[in-house]
Amino acid sequence: MGVLRHSFFAHKAPNVARALLGQYLVRKRGKNVSRYIIIETEAYDGFHDRASHASRGKTPRNEVMFGKAGQWYVYFVYGMHEMLNIVCGDVGYPSAVLIRAVGGIVGPARLTKALGITRAHNKKLASRASGLWIERSGTRVPSRAIVRTPRVGVAYAGEWAHKKWRFILSDTKRRPKG
DNA sequence: ACGATGATGAAC
DNA sequence: TTCATCATCGTA
């Protein structure tokens, strides 16, 4: 399936976060290519979202969030963990989606560790050239398969903390009882 | 429940 | 230059 590019990401982060569920995160290391279905995301959107790094203006760390959609934003936190985000929205409008979990790997720090993603990917385009990209899945995700919750670890963010900007692809393997 | 572990940004 | 904070995780 096709590589997702700028036009997919140039929208508001919550919409992109939801649309990413069921798509494939693809990692190429050497000659080995692995695909992982995206099952959990979080949106960080705009100047006023107090949970977002961008809420205190542009800084050296977060400047990629203000740039063109479709770039990776990878940052270091807690002295040991790397977090993988994809930049969204229009140039000048800071937003990004944190990829928190893929099939078989749950947790944003576990994900980057397992796939060998580091700050070296920061500001790189999500493309084959960077060895890390996203491909469209053929199958449609019905909205009833998506669970929305508040974001994790942002209790400090006041009223922004309870926005339901975390999107989870619920277990589809169950069939309706009948 | 808590410590690991270091970059970041704001204050001074 | 110092300091509190941090989009987490493993061990207890």
Side-chain angles (χ1 to χ4, degrees), chain A residues 4 8-25 27 34 36-90 92-126 130 132-134 146-170:
Chain A
L4 298 182
F8 182 91
F9 302 107
H11 304 279
K12 298 214 81 177
N15 292 337
V16 177
R18 182 174 52 195
L20 278 171
L21 295 180
Q23 317 294 357
Y24 287 94
L25 179 66
R27 178 72 168 121
S34 302
Y36 305 86
I37 188 166
I38 296 171
I39 61 173
E40 183 181 343
T41 58
E42 275 178 5
Y44 291 84
D45 194 79
F47 297 92
H48 302 110
D49 176 5
R50 283 192 47 213
S52 169
H53 293 162
S55 66
R56 276 175 284 181
K58 189 190 282 187
T59 68
R61 178 177 63 168
N62 68 21
E63 71 173 342
V64 69
M65 292 183 76
F66 293 74
K68 192 172 177 183
Q71 299 179 90
W72 296 116
Y73 172 37
V74 183
Y75 67 88
F76 187 65
V77 74
Y78 295 123
M80 53 187 87
H81 300 308
E82 318 263 351
M83 298 285 138
L84 176 67
N85 302 251
I86 186 83
V87 173
C88 301
D90 296 327
Y93 182 88
S95 61
V97 170
L98 171 66
I99 301 178
R100 295 188 55 90
V102 298
I105 309 169
V106 175
R110 292 171 179 161
L111 169 62
T112 53
K113 185 178 179 197
L115 272 62
I117 297 162
T118 70
R119 282 161 286 178
H121 291 277
N122 192 46
K123 298 186 180 179
K124 293 198 173 171
L125 210 57
S130 67
L132 184 66
W133 67 94
I134 298 173
I146 296 175
V147 174
R148 297 180 58 163
T149 81
R151 293 169 292 181
V152 174
V154 299
Y156 58 83
E159 75 175 283
W160 296 87
H162 58 71
K163 283 192 177 293
K164 291 185 175 176
W165 283 0
R166 179 185 183 210
F167 298 83
I168 304 163
L169 183 59
S170 62

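Below, read A as the first sequence line, B as the second, and so on, with proteins coming before strands; counting in each chain starts at 1. Everything numeric in this text was worked out from a predicted model, so none of it was measured.
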Send over the distance from A:Met80 CE to C:dC6 P, rounded to a whole Å.
16 Å
Polar-atom pairs under 3.5 Å, protein N or O versus N or O of nucleotides 7-12 of chain B: list them with distances, or write none.
unit_1 : atom_1 : unit_2  : atom_2 : d
B:dG9  : OP1    : A:Thr59 : OG1    : 2.2

Looking at A:Arg18 and A:Arg148, would you say the former's side chain and the latter's main chain have a donor-acceptor pair under 3.5 Å?
no
Can you check the distance between B:dG3 and C:dA4, where both ends of the measurement are the P atom (answer in whole Å)?
16 Å
Can any side-chain N or O of A:Asn62 pair as donor or acceptor with the backbone N or O of A:His53 at less than 3.5 Å?
yes
Name the orientation class of the two ring planes belonging to A:Tyr73 and A:Tyr75 (parallel below 30°, tilted from 30 to 60°, perpendicular beyond 60°).
tilted
Does the C:dA7 base have a donor-acceptor partner in the side chain of A:His53 within less than 3.5 Å?
yes
As an exercise, state the distance from CG of A:Leu25 to CD1 of A:Ile37, rounded to the nearest 0.5 Å.
11.5 Å
Between A:Arg100 and A:Glu42, is the closest basic N to carboxylate O distance under 4.0 Å?
yes
Whole-Å distance between C:dT8 P and A:Ile99 CD1?
15 Å
Return the value, rounded to whole Å, for the distance between atom CH2 of A:Trp160 and atom P of C:dA7.
16 Å
A:Met83 near the nucleic acid: base, sugar-phosphate alone, or nothing, with a heavy-atom cut-off under 4.0 Å?
sugar-phosphate
A:Val154 vs A:Lys113, nearer the 5' end of DNA chain C by closest nucleotide:
A:Val154
Report yes if a side-chain nitrogen or oxygen of A:Arg166 is closer than 4.0 Å to either non-bridging phosphate oxygen (OP1 or OP2) of C:dA7; otherwise report no.
no
Rounded to whole angstrom units, what separation is found between the OH atom of A:Tyr75 and the P atom of B:dT5?
20 Å
Report yes or no: does A:Arg27 contribute a side-chain atom to a donor-acceptor pair with the main-chain N or O of A:Gly116 at less than 3.5 Å?
yes
Round to a whole Å and report the spacing from NE2 of A:His81 to P of C:dT8.
9 Å
Please check this pair: side chain of A:Asp49 against backbone of A:Gly46, looking for a donor-acceptor N/O pair closer than 3.5 Å.
no
Categorize A:Ala109 for me: base, sugar-phosphate, or nothing, with a 4.0 angstrom heavy-atom threshold over every strand shown.
sugar-phosphate
Whole-Å distance separating the CG atom of A:Asn85 from the C1' atom of C:dT8:
14 Å
How many Å lie between CD on A:Glu40 and C1' on C:dT8, as a whole number?
13 Å
Working to the nearest 0.5 Å, report the span between CD1 of A:Ile134 and CZ of A:Phe8.
7.5 Å
Between atom CD in A:Glu42 and atom C1' in C:dT8, what is the gap in whole Å?
12 Å
In which stems does DNA chain C show up, taking only runs of three or more Watson-Crick or G-U wobble pairs whose two distances fall under 3.5 Å?
B:1-4 with C:8-11, B:6-11 with C:1-6
With A:Leu84, the side chain to side chain contact (heavy atoms under 4.5 Å, CB included) member among A:Leu115, A:Leu132, A:Leu98:
A:Leu132
When you measure only distances, ignoring hydrogens and angles, does the side chain of A:Tyr78 come within 3.5 Å of the base of B:dA4 through a donor and an acceptor?
no
Once you round to the nearest 0.5 Å, how far does CD1 of A:Ile168 lie from CD1 of A:Ile146?
11.0 Å
